[in-house]
2 protein chains.
Amino acid sequence: MTGKNLVGPEADALDLGVVFRALADEHRRSVLTQLAADRNDSERGCNSFDLPISKQTQTHHFRVLREAGLVDEIDYGNRKGIRLRRADIEKRFPGLLALLEAEPPGDTASR
Amino acid sequence: MTGKNLVGPEADALDLGVVFRALADEHRRSVLTQLAADRNDSERGCNSFDLPISKQTQTHHFRVLREAGLVDEIDYGNRKGIRLRRADIEKRFPGLLALLEAEPPGDTASR
DNA sequence: CTTCAGGTACGACTTGAATCGTACCTGAAG
DNA sequence: CTTCAGGTACGATTCAAGTCGTACCTGAAG
């Protein structure tokens with residue numbers, strides 16, 4: 001039942017350019033904002049974000065977030081979990097998550 | 001001698017998505033990092049950044065930064081000045097500039 | 001076993017963004 | 001006036017990124 005943790009960059013290897021590019025997309029920013037809103041940083045199902053895009057595209061976005069080092073992905077085979085890497089982000093880019101949390105939730109105007 | 005101040009968005013109208021997209025580019029991030037490093041926020045010539053790109057492309061990047069609300073552009077006709085909108089940025093996105101200032105200056109690896 | 005929902009792989013399409021070439025404008029200095 | 005450097009306008013090119021269609025895999029539930 002323990003899923004495999006898909007690999008991402010180390011905490012120190014987080015790159016500001018990569019992170020900004022990851023957060024430039026409205027859908028990815030929405031996911032990260034929702035994750036940041038949960039102060040418990042509990043694992044969350046990847047299908048629980050009801051993004052208005054296809055499954056394949058969602059897979060793509062989650063991969064980008066993971067490769068940017070912003071989230072961990074846990075693979076259970078036929079489903080997947082995601083978890084915010086709050087500590088690593090806060091250590092490398094203090095205050096970044098606060099910017100996201102301060103955003104109005106359902107802001108669909110950003111594009 | 002007083003140049004015309006080219007228009008950008010109001011302080012409250014700054015959009016996080018637009019800002020992240022603007023800062024996703026290495027050259028624009030370099031410009032903003034250099035501006036943020038000067039605590040006096042003095043006006044600076046647009047040609048003082050020696051970016052490794054053509055004049056036309058620089059014009060493009062400065063426009064993106066202005067339209068994102070990150071800088072003011074002052075048009076003198078045959079030359080141009082640029083100034084960081086530190087107060088507006090800090091008010092709308094507190095801590096954002098600190099993230100840029102914390103970056104290693106000559107980091108050309110981000111792309 | 002079969003079915004089914006969640007997810008991935010691969011490829012194709014489309015749009016946006018970065019870049020530059022050519023031509024032109026602007027103000028200052030000869 | 002002419003020259004010249006800094007900057008813009010417009011168009012073309014190139015490349016990255018977001019998107020989806022088709023096909024396939026995986027584990028859980030009948």
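Numbers restart at 1 for each chain; the letters A, B, ... are given by sequence-line order, proteins then strands. Values in this document were obtained by computation on a predicted structure and should not be read as measured data.
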Colleague: What pairs of nitrogen or oxygen atoms, one from the protein and one from nucleotides 22-26 of chain C, lie under 3.5 Å apart?
Modeller:
unit_1: C:dT22; atom_1: O4; unit_2: B:Q56; atom_2: NE2; d: 3.4

Colleague: Are A:I89 and A:L16 grouped together when hydrophobic residues (ILVMFWY) are joined by side-chain heavy atoms under 4.5 angstrom apart?
Modeller: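 Result: yes, single cluster for both.
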Colleague: Quick one: side chain to side chain donor-acceptor pair (under 3.5 Å) partners of B:Q34, sequence neighbours excluded?
Modeller: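 B:S30, B:R44.
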Colleague: Can you tell me how far P of D:dC4 sits from CZ of B:R79, to the nearest Å?
Modeller: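 Rounded to whole Å, this separation is 21 Å.
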Colleague: With a cut-off of less than 4.0 Å, is there a side-chain N or O of B:S54 near OP1 or OP2 of C:dC20?
Modeller: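 Affirmative; the distance criterion is met.
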Colleague: Under 4.0 Å between a side-chain N or O of A:T57 and OP1 or OP2 of D:dC20?
Modeller: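 Answer yes for this pair, as a side-chain N or O of A:T57 is under 4.0 Å from OP1 or OP2.
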Colleague: How many whole angstroms separate atom CG of A:L51 from atom C1' of D:dC20?
Modeller: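 My rounded result for the distance is 15 Å.
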Colleague: Taking only residues two or more places apart in sequence or in another chain, which ones pass side chain to side chain contact (heavy atoms under 4.5 Å, CB included) with B:E73?
Modeller: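 With neighbours one apart ignored, the set is B:L6, B:F62, B:R66, B:K80.
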Colleague: Going by ring-ring contact (aromatic ring centres under 6.0 Å, His included), name the residues that satisfy it together with A:H60, two or more places apart in sequence or in a different chain.
Modeller: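 None.
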Colleague: Partners of B:D72 by side chain to side chain donor-acceptor pair (under 3.5 Å), sequence neighbours excluded?
Modeller: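 If we apply the side chain to side chain donor-acceptor pair (under 3.5 Å) test to B:D72, skipping adjacent residues, there are no hits.
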Colleague: Test your reading of the model: is there a side-chain donor-acceptor pair from A:E90 to the backbone of A:G95, 3.5 Å cut-off?
Modeller: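 Such a contact is found between A:E90 side chain and A:G95 backbone.
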Colleague: Can you list everything that forms a side chain to side chain contact (heavy atoms under 4.5 Å, CB included) with B:D38? Sequence neighbours excluded, please.
Modeller: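 Side chain to side chain contact (heavy atoms under 4.5 Å, CB included) list for B:D38, sorted by chain: B:N40, B:S42.
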Colleague: Strictly below 4.0 Å, heavy-atom distances to any atom of DNA chain D: list the hits from residues 58-67 of chain A, or just say none.
Modeller: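 Contacts with DNA chain D under 4.0 Å: A:H60, A:H61.
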Colleague: With sequence neighbours left out, write down each residue that passes side chain to side chain donor-acceptor pair (under 3.5 Å) with B:D75, or none if nothing qualifies.
Modeller: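 Expected list: none.
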Colleague: Tell me the interatomic distance from B:D75, atom CG, to D:dA9, atom C1', rounded to whole angstroms.
Modeller: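 Rounded to whole Å, this separation is 14 Å.
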Colleague: Bend angle of the helix from C:dC1-D:dG30 to C:dG30-D:dC1 from five-pair axes at both ends, rounded to 10°?
Modeller: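 One end's axis against the other's: 10°.
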Colleague: Do you know which two heavy atoms are closest between B:A36 and B:L84, and how far apart they sit?
Modeller: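 Minimum heavy-atom separation between B:A36 and B:L84: CA-CD2, 3.8 Å.
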Colleague: Any idea which heavy atoms bring B:A22 and B:L70 closest together, and the distance?
Modeller: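 Scanning both residues completely, I find the closest heavy atoms to be CB-CD1, 4.1 Å.
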Colleague: Please step through side chain to side chain contact (heavy atoms under 4.5 Å, CB included) for the pair A:R39 and A:R86, ending with a clear verdict.
Modeller: CA-CA 9 Å; A:R39 306 312 304 258; A:R86 186 183 295 271; 3.7 Å; yes
Colleague: Going by side chain to side chain contact (heavy atoms under 4.5 Å, CB included), name the residues that satisfy it together with A:T57, two or more places apart in sequence or in a different chain.
Modeller: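 Side chain to side chain contact (heavy atoms under 4.5 Å, CB included) check on A:T57 returns A:I53, A:S54, A:H61.
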Colleague: Please enumerate all residues that pass side chain to side chain contact (heavy atoms under 4.5 Å, CB included) together with B:N47, with sequence neighbours excluded.
Modeller: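 Here no residue qualifies.
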Colleague: In whole Å, what is the span from the CD1 atom of A:I53 to the C1' atom of D:dA17?
Modeller: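 From A:I53 CD1 to D:dA17 C1': 13 Å.
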Colleague: Without decimals, in angstroms, what is the distance between B:L23 CG and C:dA17 P?
Modeller: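 After rounding, the gap between these two atoms is 15 Å.
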Colleague: Identify, residue by residue, the members of residues 41-50 of chain A with a heavy atom below 4.0 Å from DNA chain C, and return them in order of residue number, or none.
Modeller: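 Within residues 41-50 of chain A, the residues near DNA chain C are A:C46, A:N47.
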Colleague: Rounded off to whole Å, could you give me the CZ-to-P distance for the A:F20 and D:dA17 pair?
Modeller: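 Rounded to the whole Å, the gap is 17 Å.
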Colleague: Round to the nearest Å and state the distance from B:I82 atom CD1 to D:dG6 atom P.
Modeller: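 It works out to 16 Å between those atoms.
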Colleague: Atom CG of B:L51 and atom CD of B:Q58: how far apart are they, to the nearest 0.5 Å?
Modeller: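 Rounded to the nearest 0.5 Å, the CG-CD separation comes to 4.5 Å.
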Colleague: Could you tell me whether the phosphate oxygens of C:dA18, OP1 or OP2, come under 4.0 Å of any side-chain nitrogen or oxygen in B:R28?
Modeller: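 It does, given that an N or O in the side chain of B:R28 lies less than 4.0 Å from OP1 or OP2 of C:dA18.
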Colleague: NE2 of B:H27 versus P of C:dA17: gap in Å, rounded?
Modeller: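 Computing the B:H27:NE2 to C:dA17:P distance gives 17 Å.
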